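Here's the structure we're looking at; comments come further down.
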Amino acid sequence: MSVAINVKPDKIAKNYGKTGALNLFTCGAGPALAAIFTNPMEVAKVRLQMLGDGKGSGLFGTLVNIAKKDGILAVQGGLAMSMTREFFKCALRLGLYNPILSVVHTDPSSKPKLTTKILTGATCGAISAFICNPLDLTKTRLQQTGSSVSAAVSTLYSEGGIAPFWKGTPISMVRSMIFTSVIVPTKTTLADIVKTNGYFCGDSYYELICRSAFCGFPAASLAVLCAQPVDTIRTRLYNQPVDPVTKIGLKYKGVFHCASRIVAEEGVLALYKGTVAHLARYAPHGTLCFVFIDTICQMFRDMEAKRLTRVWEDNINDSFKKIDIDKDGYLDLKEVSKAVQLSFDHPVLTLQDCTEIATKAFSGVSKIDGKIDNSEFLNLVNHIQDQVSAMIRRNAFNKIDLDKDGFLSRAEVKAALECIGHPKWELDLPLDTKATILIEKVDANSDGVIDFDEFSWYLAKVTGPRAKKELESQILQAFLKDTGAVA
């Protein structure tokens, strides 16, 4: 039996949803959903990049021409394959980023360097591009020809079996490395800047979406500009005709030949052909990717919070039922006293202390009828925990206060330090000096001794997460643990 339950539900881990299978799913699902909205721009971009004679009619003109020629649904050509490709490629490209970064950057107290982020992004990009190259190639063929998935796959297979599905893998890996090494570090860096300056730091979905969009749009735009020349070359290589016998491209022999020929025949700016369409498609797409990823992740975090709340509520109800010995649906003073005695079998607390704690807590919560129902139980737990904490602090203080004058002198602090076996400090100081330093840190009114209020204040301070980093605080905390004041 225990009434020492959490007053609030357990907190969700800070990295919940950012590691493991759930992270891979959210990093894939977000971009897949974003593809529904931006796939027409991708179709137009591919068509524009294939117009080597420069007679393209622009982004929206291309979309109109596609709709007129092939029907309105043609502007969503290859949507299923595009969503599939986005899911699997981004699950690897974005989903592997945090796990790999945690391996190469092992110091949780500092932020990773920008170069570390860039190299991590490039690694994720290379892995995703190699594994997902068949999906990339099939998607591009679908958007260029408007054929079905089976037809595109059959055509690729007829060009030489399995090998053609990895055609252009090196250039695809280079593009993905450039793209990922720019977009992810830029987004995470901007997110750190935004949080540091206090913008969009709330917990609402509105602020989450604003934060994701504010950081995602410039990151996606910069990535497009950096990777566009490689993207153009890759598209040309993917879609060039091949010799039916040798299976070698008829127009371009390789990456450098393709680049040099484009520059020679069409000019340097031809490498940026389709940039407007690419920006029009991927700047919103990248923004939506991060918005959907962060939103889906937050949805899972909210679901986990609700689950923990249900567990917490069940724990409270179970605790109430265990304490309610006569099963009448109410708690009386005798039942509460018994529960405190069983729950706090503590070396510092006596049976009399437990009875006193139960009486004070019960009188502070119970109504005129002298009983506590389930709705008042949580308030009772709060009171009990407050009373237990105060009692433990008082008893620990009394144990250190050898002369029982209500103050801790330097001699008493020194004796306490001797009792716990001389814990290591940063400097090997004499015990008298350690006692003096400790008193100076705790003695708020500078009267040379420590009273109970100062003792309680410092105890609350040293049991906080920041104060645990202070070397001197370990002395008092270790002693209090030895006396049973700290669990």
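Just so we're clear, the structure is a prediction, and the values are computed from it rather than from any experiment.
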Side-chain donor/acceptor of [X] to backbone N/O of [Y], under 3.5 Å:
| X | Y | answer |
| --- | --- | --- |
| Ser176 | Ser172 | no |
| Asn317 | Glu313 | yes |
| His105 | Asp107 | yes |
| Ser102 | Pro99 | yes |
| Thr180 | Met177 | no |
| Arg261 | Lys251 | yes |

Enter the distance from [X]:[atom1] to [Y]:[atom2] here, rounded to the nearest 0.5 Å.
| X | Y | atom1 | atom2 | answer |
| --- | --- | --- | --- | --- |
| Thr116 | Lys111 | OG1 | NZ | 13.5 Å |
| Leu79 | Thr84 | CG | OG1 | 9.0 Å |
| Gln298 | Ile296 | CD | CD1 | 12.0 Å |
| Thr287 | Phe214 | OG1 | CZ | 12.0 Å |
| Thr106 | Leu101 | OG1 | CG | 10.5 Å |
| Ser319 | Asn315 | OG | CG | 4.5 Å |

request  = Give the ring-plane orientation class for Phe292 versus Phe37, where under 30° counts as parallel, over 60° as perpendicular and anything between as tilted.
outcome  = parallel
Does [atom1] belonging to [X] count more than 12 external heavy atoms closer than 6.0 Å?
| X | atom1 | value |
| --- | --- | --- |
| Tyr16 | OH | yes |
| Phe165 | CZ | yes |
| Ile131 | CD1 | yes |

Can you find a pair of side-chain heavy atoms, one from [X] and one from [Y], that are under 4.5 Å apart?
| X | Y | result |
| --- | --- | --- |
| Pro218 | Leu190 | yes |
| Val194 | Cys215 | yes |
| Leu225 | Leu279 | yes |
| Phe25 | Phe300 | yes |
| Leu271 | Val263 | yes |
| Glu454 | Asp443 | yes |
| Trp166 | Phe130 | yes |
| Phe377 | Ile316 | yes |

ask   = Salt bridge or not for Arg301 and Glu304, using N-O below 4.0 Å?
value =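 So Arg301 does not pair with Glu304 through a salt bridge.
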message = Holding to side-chain hydrogen bond (donor to acceptor under 3.5 Å, both in side chains), I want the full list of residues that pass it with Ser212, two or more places apart in sequence or in another chain.
response = Asp294
task = Check the pair Met83 / Ile36 against side chain to side chain contact (heavy atoms under 4.5 Å, CB included), numbers first and verdict last.
result = CA-CA 7 Å; Met83 292 180 67; Ile36 298 174; 3.7 Å; yes
Identify the heavy atoms of [X] and [Y] that sit nearest to each other, and give their distance.
| X | Y | answer |
| --- | --- | --- |
| Ile183 | Ala223 | CB-CB, 3.8 Å |
| Gly125 | Ser128 | O-OG, 3.0 Å |
| Lys89 | Ala129 | CE-CA, 4.2 Å |
| Ala35 | Glu86 | CB-CG, 4.0 Å |
| Val442 | Trp457 | O-CZ3, 4.1 Å |
| Asn197 | Ile193 | ND2-O, 2.7 Å |

Pair listing, salt bridge (Lys or Arg N to Asp or Glu O under 4.0 Å) test, anchored in residues 22-31, at least two apart =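 Salt bridge (Lys or Arg N to Asp or Glu O under 4.0 Å) check on residues 22-31 returns no pairs.
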ask   = Do Thr232 and Gln228 pass the side-chain hydrogen bond (donor to acceptor under 3.5 Å, both in side chains) test, and can you show the C-alpha distance, the side-chain angles, and the key distance before you say yes or no?
value = CA-CA 6 Å; Thr232 299; Gln228 181 60 37; 3.1 Å; yes
task = Check step by step if salt bridge (Lys or Arg N to Asp or Glu O under 4.0 Å) holds for Arg236 and Glu266.
result = CA-CA 13 Å; Arg236 294 287 184 93; Glu266 306 170 42; 3.2 Å; yes
inquiry  = Applying side-chain contact (heavy atoms from CB on, under 4.5 Å), can you list everything that pairs with Thr295, at least two apart in sequence or on another chain?
reply    =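 Tyr205, Leu208, Ile209, Val291, Met299.
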query = Does the pair Thr123 and Val104 meet the rule for a side chain to side chain contact (heavy atoms under 4.5 Å, CB included), with working shown?
reply = CA-CA 12 Å; Thr123 302; Val104 298; over 6 Å; no
